[in-house]
Asks: 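One structure, pasted below without further comment.
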Amino acid sequence: MGRAFVYVILGGGVAAGYAALEFSKRGVSPGELCIISDEPVAPYERPALSKGYLLPGAPARLPSFHTCVGTHEERLTPKWYKEHGIELVLGTRVKSADVRRKTLLTATGETISYKILIIATGARALRLEEFGVNGSDAENVCYLRDIADANRIVDVMKSCPEGNAVVIGGGYVGMECAASLVINKINVSMVFPEEHCMARLFTPKIASYYEDYYNGKGIKFVKGTILSSFEFDSDGKVTAVILTDGTRLDANMVIVGIGIRPNTSLFEGQLTLEKGGIKVNGLMQTSNSSVYAVGDVAAFPVKLFGETRRLEHVDSARKSARHAVAVILNPEETGEFDYLPFFYSRIFSLSWQFYGDNAGEVVHYGDFLGTKFGAYWVSKGQLVGSFLEGGSKEEYEAIARATRQKSTVENLTELEEQGLGFALAI
Ligand code: FDA
Ligand code: NAD
């Protein structure tokens, strides 16, 4: 059995939702487009899962955060897809792909063929077993990638009011989940191997601000060590976490956020890979011209830095997806993707944004004892990256603009003195 579509989007996450909106805006006929997702729900704004979804009181729940509410655009409910003649094949895993024959085989045994394929398979959470630690299957050990994971966190939190949580990993998931746990009155210890949190992006000085803030909320940091094993009760639930330095932490629950791996396996040996993802050109086209890749799974040329990068952030997923659709439907009017990397996070009452690249020399500015501060990264006399905590809309726009323009920096001491004024003057 089989069905044929002109366009197929493989994956039903953030990129798929924004691609669907772009298809409908640029004009797609009913029955031409299909989205296949192994999630049981229509595309949604994944960032909500570590923030609003985990809050006590009135947590965010579908359908409120289907794409594309994250950019204040239309909310694409299942009804919207139906009305636009876009086929949503949900709860269906694609288990193999043949890019030569232009077919996908689903776990239900259906063959879906396409003329043009957009790969938007995102990524999966790395598991502890991949680092040699067993215990991921225990009912109180949680990961966070999809709604099923988020529901599990909510249930486990409810099962241990005022209990102890150990958060493994000091990256985005670790930091945002720790905040949500504390808001739910759970005691939190964070464990990670680096010397400070958010080591991929933060400088030690920036990290120390957030760590002090977290300490003030009662969150404890156990740094420079990793988990070596769990202790379990007779029901198989984790009761304690043992670290490689011998420390034992009581645990009623564990959240693991130790990074991701892009979902490339269907295409290994068929498409060119790079940086752990599927390599695309500036038109988001893979090594097979009928196949595009977008979002977390795509390694694309970041023109601004003259380098291929794979980004794991929502803005990049949204914009790369829209760009691929523009290329597909309006090729003459669409040039190469010219993207300024943008990352952000909101935790407690804090909120930061980052643009560009954290490479080169760093200059900090602003009030690290107050609520507004930041950093600039300068390479070869040019501004290449900007971070700001506590900024206004205009200030964030200013640092984005200054970074996009690669503004010239003549003197680092002057830049430090000018601080935010440097970007605002551009
Ligand atoms: P995404 O993971 O969204 O979607 C991939 C889809 O493909 C899923 O539906 C998956 O089930 C499906 N799929 C994969 N393989 C399949 C197969 N073989 N068959 C069928 N379906 C398949 N970023 C940011 O900038 N700010 C933020 O605040 C956050 N917050 C945040 C919180 C949490 C909890 C997570 C997990 C992630 C974030 N992010 C973020 C990152 C952001 O959500 C991420 O970059 C985008 O979701 C990437 O979008 P994609 O569509 O590429 O993948
Ligand atoms: P991450 O890459 O941000 O952080 C991984 C962390 O795991 C590292 O900081 C390190 O501390 C830790 N680690 C690595 N190996 C370890 C080990 N063996 N033991 C213990 N700790 C170890 O990944 P994440 O936090 O898991 O986030 C997953 C994905 O979700 C990322 O793609 C991220 O971009 C995305 N996300 C983004 C946001 C945001 O942009 N605001 C929020 C949540 C999630």
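One-based numbering, in listed order, for ligands and for the atoms of each.
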Asks: Could a heavy atom of L227 be found less than 4.0 Å from some atom of ligand 2?
Replies: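 Flag not set, L227 not near ligand 2.
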Asks: Students should be able to answer this: which protein heavy-atom is nearest to atom 38 (C) of ligand 1, and at what distance?
Replies: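 Nearest neighbour among protein heavy atoms for atom 38 (C) of ligand 1, to 0.1 Å: P47 CA, 4.3 Å.
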Asks: With a sphere of 6.0 Å drawn around CZ of R401, does it hold more than 12 non-hydrogen atoms of other residues, nucleotides or ligands?
Replies: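 Buried by this count: over 12 neighbours within 6.0 Å.
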Asks: Tell me, please: is F343 in heavy-atom contact with ligand 2, that is, under 4.0 Å?
Replies: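 Heavy atoms of F343 never come under 4.0 Å of ligand 2.
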Asks: Looking at ligand 1, would V173 count as a contact under a 4.0 Å heavy-atom criterion?
Replies: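 Checking ligand 1 against V173, which is what was asked, there is no heavy-atom contact under 4.0 Å.
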Asks: Does ligand 1 have a heavy atom under 4.0 Å from the side chain of T92, from its backbone, from both, or from neither?
Replies: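 Backbone only.
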Asks: Heavy-atom distances under 4.0 Å decide this one: backbone, side chain, both or neither, for Y172 against ligand 2?
Replies: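 It is both parts that get close, each with some atom under 4.0 Å.
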Asks: Quick one: does ligand 1 sit under 4.0 Å from the side chain of E312, the backbone, both or neither, non-hydrogen atoms only?
Replies: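 It is the backbone that gets close, since no side chain atom is under 4.0 Å.
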Asks: Looking only at heavy atoms of A120, does any of them come nearer than 4.0 Å to an atom of ligand 1?
Replies: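 Checking ligand 1 against A120, which is what was asked, there is a heavy-atom contact under 4.0 Å.
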Asks: Consider ligand 1: state whether an atom of it lies below 4.0 angstrom from any non-hydrogen atom of F343.
Replies: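 Heavy atoms of F343 never come under 4.0 Å of ligand 1.
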Asks: Only heavy atoms of I260, strictly under 4.0 Å: list the atoms of ligand 2 that pass.
Replies: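 Atoms satisfying the 4.0 Å criterion: 28 (C), 29 (C), 32 (O).
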Asks: Can you tell which part of R200 has a heavy atom less than 4.0 Å from ligand 2: side chain, backbone, both or neither?
Replies: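 Within the 4.0 Å criterion, R200 contacts ligand 2 through side-chain atoms alone.
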Asks: Report the part of T121 (side chain from C-beta onward, or backbone N, CA, C, O) that has a heavy atom under 4.0 Å from ligand 1; answer both or neither where that applies.
Replies: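 Both the backbone and the side chain of T121 come within reach of ligand 1.
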Asks: List the closest protein heavy-atom neighbour of atom 28 (O) of ligand 1: residue, atom name, distance to the nearest 0.1 Å.
Replies: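 Atom 28 (O) of ligand 1 sits closest to the protein heavy atom K51 NZ, 2.5 Å.
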Asks: Take atom CZ in R346; do more than 12 heavy atoms of anything else shown fall under 6.0 Å from it?
Replies: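 Open: at most 12 neighbouring heavy atoms sit under 6.0 Å from CZ of R346.
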Asks: So for atom CZ, which belongs to R101, do other residues, nucleotides or ligands contribute more than 12 heavy atoms lying within a distance under 6.0 Å?
Replies: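 Counting neighbours around CZ of R101, 12 or fewer heavy atoms of other residues, nucleotides or ligands fall under 6.0 Å, so no.
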Asks: I want to know if ligand 1 touches V94 in the polar sense, i.e. an N/O pair below 3.5 angstrom.
Replies: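 N/O-N/O distance under 3.5 Å: yes.
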Asks: For ligand 2, is P193 a contact, meaning one of its heavy atoms is under 4.0 Å away?
Replies: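 It does; at least one heavy atom falls under 4.0 Å.
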Asks: Please say which of Y209, F343, Y344, F202 ends up in a ring-ring contact (aromatic ring centres under 6.0 Å, His included) with W352.
Replies: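 The passing option is F202.
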Asks: Determine whether the side chain, the backbone, both or neither of I258 has a heavy atom under 4.0 Å from any heavy atom of ligand 2.
Replies: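 Both backbone and side chain.
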Asks: Should the proximity of M198 to ligand 2, defined as any heavy atom under 4.0 Å, be assigned to the side chain, the backbone, both, or neither?
Replies: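 Under 4.0 Å from ligand 2, M198 contributes no heavy atoms.
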Asks: Does S37 approach ligand 1 within less than 4.0 angstrom via side chain, backbone, both or neither, non-hydrogen atoms only?
Replies: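 For S37, the contact with ligand 1 is made by both the backbone and the side chain.
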Asks: Side chain, backbone, both or neither: which applies to Y344 and ligand 2 if a contact is any heavy-atom pair less than 4.0 Å apart?
Replies: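 It is the backbone that touches ligand 2; the side chain stays farther off.
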Asks: So for ligand 1, is L49 a polar contact partner (N or O within less than 3.5 Å, distance only)?
Replies: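 Between L49 and ligand 1 (N or O atoms, distance only) the closest approach is not under 3.5 Å.
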Asks: Please list the nearest protein heavy atom to atom 11 (O) of ligand 1 with its residue and the distance rounded to 0.1 Å.
Replies: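 Checking every protein heavy atom, the shortest distance to atom 11 (O) of ligand 1 gives D38 OD1, 2.3 Å.
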